[in-house]
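Here is the structure we will look at.
As the structure is a prediction and not an experimental result, all values here were calculated from the model.
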Amino acid sequence: MNVTGRIGRSVGTVAAAAALAVLNIPGAQAAVPLTRIIQDPFTNGTSQHQTVVEPDTFAFGATVVAAAQSGRFRDGGASDIGYATSTDSGATWTQGTLPGITVAGGGGTFERVSDPSVAYDAAHGVWLISSIPITNAVTVPNVYVSRSTDGGLTFGNPVTVASGSTSFDKNWTVCDNTPTSPFYGHCYTQFDDNADGDRLKVSTSADGGLTWGPARNTGNNAFGLGGQPVVQPNGTVIIPAANANETAIIAWRSTDGGASWSSTVTIAAVTDHRPAANLRSGPLPSAEIDGAGRVYVAWQDCRFRRGCKSNDIVYSTSTDGLSWSAVRRVPIDATTSSVDHFIPGLGVDPATSGATARLGLTYYFYRNTSCGRRASNPCRLEVGYIQSNDGGTTWSNHTDVAGPFDVALTPDTTQGRMVGDYISTSWVGGRAYGAFAVAQAPSGGFAFDQAIYVPVGGLTAAAGGFVNTASGEHPVAAAASDHASPRSAVRSR
């Protein structure tokens, strides 16, 4: 089946059993079969092809929608936002690109677009993909939302969420999907204004994303980026984010449906190790929520590693967005290992909560943090997965999901080689679907071959396999020089 109509460019349906779908990288150690769900259909000469980066996903019922940048420009943005939709719990996927934004995607006037985020509004039956269109490498005048009223199969021309700046960034959308919430059907798009020092802002819609209210600041007019809002069953919106220099994880909230926002609180300071081989990566948060409203936020951090020589994935939790737990390490391997972990995509099964909350964590890693120092030891990216069935008290052994593949196969940007500033994991039918970029040796005259993949059938870990625990571990004191310098205020999106 091909999807036609409002899709800018149709790529059709990819079945898990199709020969195209299963990724086999020569020398790969991972045994998980993968489905390629988003690939770059463009051939314009101004951006890099075949390149897809930075996926986000959202699931509701048996439907899951993924979106990612397709046709990446070296100095910011992509030729369009590609998306993939499954209405049968991840068994088959239909691909498309968003219309009305870019020239390459069809019907738009912008050269580029970036930062896709996926949400679903159950009250209005609307799927939303937010994005930021770019007129050139640095000017970002709007925040957009594209709407689908047919189950995520096709999307219409974009709606403007915010305008009036030259440099919006890091948008993220979520909706209140609890019928008993006083704000059921409210959707929230968070973003920052880089032209105003990364001022954090949130706009609210109560009509399925058709119209959006004024962009409101935090109570203390705070600065930051990379916020990922979540909504509790009582309607409270909690937004974990990084501060503007990515040296701390912060959070703020609204208890009145987005009419006002609290001042920010600090969840934790960040100690971040910069991965080898000029890989683009930073300690942006990945936030999720369980069925009872406990918020989990994860990020890459080296506080548990002596000398800050590599990152773990760490996390903190909260029930109110104001008080947060001490930072804990996801025990993927021993703190004495040489493994470097980064770019987490955390997913929490919304059908679970509390002591039985199921957490699924997808992440990238290098097996040796000192890779790339010699030609005989190139840096090779891999994707891993680890799960907790008890709210993070214990964790499974990790699963090798994809890779290894040479970092040199990934598209280049002005901030390093790129698979994404973020990735995503969503639970569908009791199984975790991580979405991530994987690169192969190029063919067909293209310089790259990087697409977005998910595990065939999703992943889960049996209760009997849970052997790791994070209890009793404490951060290691590190000198200020051990961690990466703050990220520049001028960013490539």
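Taking 4.5 Å as the limit, some side-chain heavy atom of Ile129 sits within range of a side-chain heavy atom of Leu98. Annotation: side chain of Asn171 is not in contact with side chain of Gln190 (no heavy-atom distance under 4.5 Å). For the pair Tyr188/Ser203, no side-chain contact is recorded, criterion being any heavy-atom separation below 4.5 Å from C-beta on. Considering only heavy atoms from C-beta on, Pro240 stays 4.5 Å or farther from Arg253 through its side chain. Side-chain contact between Phe405 and Val438 is present, with at least one heavy-atom pair separated by less than 4.5 Å.
The aromatic rings of Tyr120 and Phe60 sit tilted relative to each other, their planes meeting at an angle between 30° and 60°. By the 30° and 60° cut-offs, the orientation of the rings of Phe168 relative to Phe191 is perpendicular.
Rounded to the nearest 0.5 angstrom, Ile313 CD1 and Gln300 CD are separated by 6.0 Å. Asn217 contributes atom CG, which lies 7.5 Å from atom CG of Asp196 (distance to the nearest 0.5 angstrom). To the nearest 0.5 Å, atoms CG (Leu284) and CG (Leu225) are separated by 5.5 Å.
The ring of Trp299 has its center no closer than 6.0 angstrom to the ring center of Tyr422. When ring centroids are compared, Phe436 and Tyr363 stay outside the 6.0 Å threshold.
Under the 6.0 Å distance and 45° angle rule, Arg328 does not count as a cation-pi partner of Tyr315.
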